[in-house]
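Worth saying up front: this structure is predicted, and the values here are computed from it rather than measured. Side chains included, hydrogens not; waters and symmetry mates left out as well; all remaining heavy atoms used. Lettering of chains follows the sequences in order, A, B, ..., and the numbering in each one begins at 1.
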2 protein chains.
Amino acid sequence: MAMARRGTGRDGRPTLEQVAARAGVGRGTVSRVINGSPRVSDRTRAAVEQAIADLGYVPHRAARALAANRSDAIAMVVPEAETRLFAEPYFSGILRGVSAELADTDIQLLLTLIRTPKERARFAQYAASHRVDGVLLVSVHGDDPLPDQLAEMGIPLVMNGRRSADELVPHVDCDNIGGAQLAVEHLLGRGRTGVATITGPADMYVARCRLDGYREALRAAGRKQDEELVGRGDFTEESGHSAMRELLIRRPGLDAVFCASDLMAIGARRALREMGRSVPDDVALVGFDDSALARHMDPPLTSVRQPMEGMGRAMTRALLAEIADGPPERPRLVLPTELVRRASS
Amino acid sequence: MAMARRGTGRDGRPTLEQVAARAGVGRGTVSRVINGSPRVSDRTRAAVEQAIADLGYVPHRAARALAANRSDAIAMVVPEAETRLFAEPYFSGILRGVSAELADTDIQLLLTLIRTPKERARFAQYAASHRVDGVLLVSVHGDDPLPDQLAEMGIPLVMNGRRSADELVPHVDCDNIGGAQLAVEHLLGRGRTGVATITGPADMYVARCRLDGYREALRAAGRKQDEELVGRGDFTEESGHSAMRELLIRRPGLDAVFCASDLMAIGARRALREMGRSVPDDVALVGFDDSALARHMDPPLTSVRQPMEGMGRAMTRALLAEIADGPPERPRLVLPTELVRRASS
DNA sequence: GACAGCCATGGGAGCGCTCCCAGACGTGAT
DNA sequence: ATCACGTCTGGGAGCGCTCCCATGGCTGTC
């Protein structure tokens, strides 16, 4: 036989049952009020809300999750390398956006850093058992099996960035091509004629986009493509340094460089200094990311800003919509980039 | 009357009940195995483990949380300003440590950014209702009421850093005094005689510690204190810049500066350049934090490294211990800092 | 004025787990 | 053999919620 109902929950907090008792209604009604069901009269609703306020009632998440078979939590998954490499503005920017968007829902953010395949597998299993309502995937590499795995399991999922031009998994991206164009147009607009670029690794889609943007801007301006002005980097400072040296040897007369990352711009800047070029007088420099590094460089670096916080927000909105309404018809959302002009160009 | 037991849980995943059936034991026994209770015979344990493996069973968190009255989740609370200001290495370093420490438990990390008092209140309420087992508080300011609020509610809690010398809330700190000493000793050891410092805001405990370290190092070396060599900053680049200018005006002969943050060192470096001083030849420069900024400065900045990842780990260990065993007898843990020597000194 | 139809409402059943008690089975001492 | 333990085990009860069905009061209609 059921024990007599107690006056409070196990840890001394009021339960829905007590709220019901105090408001003089049934449990179902309180539940309806809490969940915003329209099928409650205004009178009753007011009484229940009063009781909730009086008691300081807060729904018990676990109980709700168990009964309703949802978790009211989403996970944000970040390959650990990213927190190291792109600590800022990437990771914290996105996080800020996600958090802001979640602030007035009562959905929780679970953060998972993944550093090994074992951890990836573990997370996949975890997600598979519906312990989260959806997943936000940050900075996915082309060869990461996780997105497809999750998609296959039918777990709502949004990535930032895409792995290829024909990405099927819903994602939010920023306009890398447009950003690169902006940068190169700006350089051209300042009268620079020998505009070089230092690219990211060719197997990363984002790097290819930025290179495409560079090419497109030159084409649009009617300049001929000089392949000797394209230096290859891998987004690291060191690669920017060596690419810049090679560029300078091949084309000593170049007067501007668009780097596909701020980190490479730092390396390039060092090479320029070593080879006796001043910035921006001899060579104008533009980066990509608008990181803290760019702001604090000497001279401060002109850079393409990605709306990281906006991407975080957009990803979150997209995920919540997907959780509520099922897969979107258009899986892709592209946010504009912006050029932040500083003294380096 | 209870419905006949089904073959699987609601979302098609096996339940503990099915594991029990397959292993030919009762629910209680499976629960015991899962929770590592010793009161299970080896035979039975093996059978249950086999059944778990066969079925791919994963416990349902919400059900477990509800029944056991714990959440298997801890929250990491970060004032939003911090993700902006100290993006790196602070925040991501700690996060990496926390995540690493949690990796082989099945405790989840909930991340909460707090930007308004309203959100703080909301979080306090949330935590109060035992929706998390414990809280990690990052970068707390002296006037933040949250720590005491949580402590009062009996919620296991660990902060990083302390608000004052007699902090009562359990916390993990790094050796700011020792780090500053290290920096100044290093400067002295390189033959510098006029060692200045630029401090953080006087109302921040961490800033006072670094100043104490500076003083202590001078004292230990038998140098007299010259108050004119102490510049006041507030951890920002701009404050470093103006403090450096003033120092240079007051004491043109100074030949070294210990800055209590890398950001201030960047400002100081700019001022030095403007006033025609070279680094490190005329003036040696040392920062604090060992941020990405320091590594990429020109010349690269010698800086005091705080073991952020280690602090994250230590905080997590301390919190888990507190959850398991109750409040620690010694609330404080201090981790050593380390000097990273680069070309600026 | 009777009946269908609608709406707000109460509360039983059940989500998947843990807790704990009572029972079944040893074992060693008497 | 009997008894007193101790160990291992099964399963009832219950965690706090949501879902859903049945109920009862009202309205509108012919």
Which side-chain N or O atoms in residues 46-55 of chain A pair as donor and acceptor under 3.5 Å with protein atoms at least two apart or in another chain?
from, atom 1, to, atom 2, distance (Å)
A:Q50, NE2, A:D54, OD1, 2.7
A:D54, OD2, A:R22, NH1, 2.4

Identify, with sequence neighbours excluded, every residue that meets side-chain hydrogen bond (donor to acceptor under 3.5 Å, both in side chains) alongside [X].
X	answer
A:T316	none
B:Y126	A:Q108
B:D104	none
B:R162	B:H171, B:Y205

Report task. Would you please name every residue forming a side-chain contact (heavy atoms from CB on, under 4.5 Å) with B:I323, sequence neighbours left out? Result ->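 Only B:I74, B:D133, B:P156, B:L319, B:L320 meet the side-chain contact (heavy atoms from CB on, under 4.5 Å) criterion with B:I323.
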Query - Non-neighbouring partners of A:R122 that pass side-chain contact (heavy atoms from CB on, under 4.5 Å), sequence neighbours left out - result: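 Residues passing side-chain contact (heavy atoms from CB on, under 4.5 Å) with A:R122: B:D106.
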Query raised in the report: Which residues within residues 30-48 of chain A lie with some heavy atom under 4.0 Å of an atom in DNA chain D?
Result: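 Under 4.0 Å from DNA chain D: A:S31, A:R32, A:N35.
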**Report entry** Five-pair end axes of the helix from C:dG1-D:dC30 to C:dT30-D:dA1 and the angle they enclose, rounded to 10°
**Finding:**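 Inter-axis angle at the ends, rounded: 50°.
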Query raised in the report: Does B:G24 or B:R131 map to a spot on DNA chain D nearer the 5' end, using the closest nucleotide for each?
Result: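 Comparing both residues, the 5'-ward one is B:G24.
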For residues 32-40 of chain A, please give each side-chain donor-acceptor pair under 3.5 Å, one per line with the distance, not counting sequence neighbours.
from, atom 1, to, atom 2, distance (Å)
A:N35, ND2, A:S31, O, 2.8
A:N35, ND2, A:S31, OG, 3.4
A:S37, OG, A:R39, N, 3.1

Report task. Round to the nearest Å and state the distance from A:E17 atom CD to D:dC17 atom C1'. Result -> 10 Å
Requested in this report: Starting from P on C:dG10, measure out to CG on A:L16 and report it in whole angstrom.
Outcome: 12 Å
Report task. For A:R317, check salt bridge (Lys or Arg N to Asp or Glu O under 4.0 Å) against everything at least two apart and list the hits. Result -> A:E101
Query - D:dG12 base / B:R27 side chain donor-acceptor hit below 3.5 Å - result: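 Indeed, a donor on one side and an acceptor on the other fall under 3.5 Å apart.
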Requested in this report: Check each residue of residues 60-70 of chain A for a non-hydrogen atom within less than 4.0 Å of any atom in DNA chain C, then write out the ones that pass by number, or none.
Outcome: A:L66, A:A67
Query raised in the report: Do A:R131 side-chain atoms and B:P59 backbone N/O form a donor-acceptor pair below 3.5 Å?
Result: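 Here the side-chain-to-backbone pair exists.
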